[in-house]
Amino acid sequence: VQLLESGGGLVQPGGSLRLSCAASGFTFSDHYMNWVRQAPGRGLEWVGRSRDRVSSFTTSYAASVTGRFTISRDDSQTSLYLQMNSLNTEDTAVYYCVRESKDYGTSSGYRYSYYYMDVWGKGTTVTVSS
Amino acid sequence: QSVLTQPPSASGTPGQRVTISCSGGSSNIGTNTVSWHQQLPGAAPKLLIYNNNQRPSGVPARFSASKSGTSASLAISGLQSEDEADYYCAAWDDSLIAYVFGTGTKVTVL
C-alpha cells in the first residue's frame, strides 16, 4: 500500500498549484481519500476529503480552504488531486495524501460503522512566497 | 485552530508509563471514534490507534488507548527511546462536517 504525492513547489501569493497523489497496492475506488497539511513547526490540519463512488464522490473541505481548494479523483488512474487557487502565505505547508478506511464495531450489542485515516503518504511541500 | 486539546508535552524515562489526554466535545469525540497518529521526527504521521482502542497490525502492545465521554487518552507503557515523537488524536466532527486533530503532544524520553 503506497501513496505518493507530487506537484509541490514554490508559488507566489495569489497563484495556483495542483497536487497529485498516486495510489497503489489497494482498491482505490473503495476508499475515501483525504488531504491533510502541516505548516512548518505546526500541528496537523485536515484540508478536505473525497468520498467514494457509492457516496457520489462528494467532497468536504475545511473552512480555511473552502472556495479556494478543490479535491478531485480519477479512480481509473487511482489518483487523487488537490487544485489550490488564490494561495496565500498561510497555505505554506507539507501536504499529505491520506487514505480513509471503513470498518464495523459493536457496542452493547449495537453494530456501528466508522471511518478512520489509516495510510499516509510521505507528503509534498508547498511554499507560498514572493 | 485545533478543536481537540492535548498537552503540549509529556516525558518519562525508559520503562515508565506516559499518558496523553485528548479533550473534545459532543460533536466529535462524544459522537465519533477516535484515532491516534504518531509522527516521528522528520517523518510523515502513521496510524497508531483506531476505533478508540484498536491497534493496527505491527503496532506494539505497549501502546493502548481509551475513550470516555468527550475525552480520550493514549498510554505508552514501558517507554522506549524510539517512542520519542509527536502524537495527535483525531476524530470526525459532525457540527463542523470536518476531521479535527488534536493540538499534538511531544513525547520526550529522558
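Each chain gets a letter, A, B and so on, in the order the sequences are listed, and its residues count up from 1. It should be emphasised that the depicted structure is a prediction, and the values quoted were computed from it without experimental measurement.
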Checklist entry - So which of B:A98, B:G102, B:G104 has the largest heavy-atom pair count under 4.5 angstrom toward chain A? => result B:A98
Checklist entry - Among B:L47, B:I49, B:T33, which one satisfies side-chain contact (heavy atoms from CB on, under 4.5 Å) with A:Y116? => result B:L47
Item to check | Contact class of B:A91 relative to chain A, heavy atoms under 4.5 angstrom | outcome: neither
Checklist entry - Are the side chains of A:Y114 and B:W92 in touch, meaning some heavy atoms are under 4.5 Å apart? => result no
Item to check | ILVMFWY network linking A:V98 to A:Y115, side-chain heavy atoms under 4.5 angstrom | outcome: yes
Checklist entry - Does A:Y95 share a hydrophobic cluster with A:I71, counting links as ILVMFWY side-chain heavy atoms below 4.5 Å and allowing steps through other members? => result yes
Item to check | Sorted by number, residues from residues 19-39 of chain A in contact with chain B (heavy atoms, under 4.5 Å) | outcome: A:N34, A:V36, A:Q38
Checklist entry - Using non-hydrogen atoms and a limit below 4.5 Å, what part of residues 56-78 of chain B faces chain A? => result none
Item to check | Joint hydrophobic cluster, B:Y87 plus B:V18, side-chain heavy atoms closer than 4.5 Å | outcome: yes
Checklist entry - Looking only at heavy atoms, what is the nearest atom pair of A:R42 and B:Y88, with distance? => result O-OH, 3.8 Å
Checklist entry - Tell me the side-chain hydrogen bond (donor to acceptor under 3.5 Å, both in side chains) pairs involving residues 119-130 of chain A, sequence neighbours left out? => result A:W120-B:H37
Checklist entry - Around B:I97, counting heavy atoms of other residues, nucleotides and ligands shown, do more than 12 lie under 6.0 Å from its CD1? => result no
Checklist outcome for this item: Answer key: most heavy-atom pairs under 4.5 Å with chain B among A:W46, A:Y112, A:Y96 is A:W46
Next on the checklist: Please classify the contact between A:E5 and chain B as side chain, backbone, both or neither, with a heavy-atom cut-off of under 4.5 Å.
Outcome noted: neither
Next on the checklist: Would you say that more than 12 heavy atoms from the other residues, nucleotides or ligands in this model lie under 6.0 Å from the CD of B:E82, or not?
Outcome noted: yes
Item to check | For the student: nearest non-hydrogen atoms of B:A44 and A:G121, plus distance | outcome: CB-O, 3.2 Å
Item to check | Where at least one partner belongs to residues 51-89 of chain A, residue pairs that pass ring-ring contact (aromatic ring centres under 6.0 Å, His included), sequence neighbours excluded | outcome: none
Checklist entry - Among B:A90, B:P45, B:S35, who wins on heavy-atom pairs under 4.5 Å with chain A? => result B:P45
Item to check | Connected via hydrophobic side-chain network under 4.5 Å: A:V47 and A:L3 | outcome: yes
Checklist entry - Should A:M84 and A:V65 be counted in the same cluster of Ile, Leu, Val, Met, Phe, Trp and Tyr side chains packed under 4.5 Å apart? => result yes
Checklist entry - Could you state the interatomic distance from CG (A:L44) to CD (B:Q39), rounded to the nearest 0.5 Å? => result 5.5 Å
Checklist entry - What part of A:R49 is in contact with chain B, defined as an atom under 4.5 angstrom from a non-hydrogen atom: side chain, backbone, both or neither? => result side chain
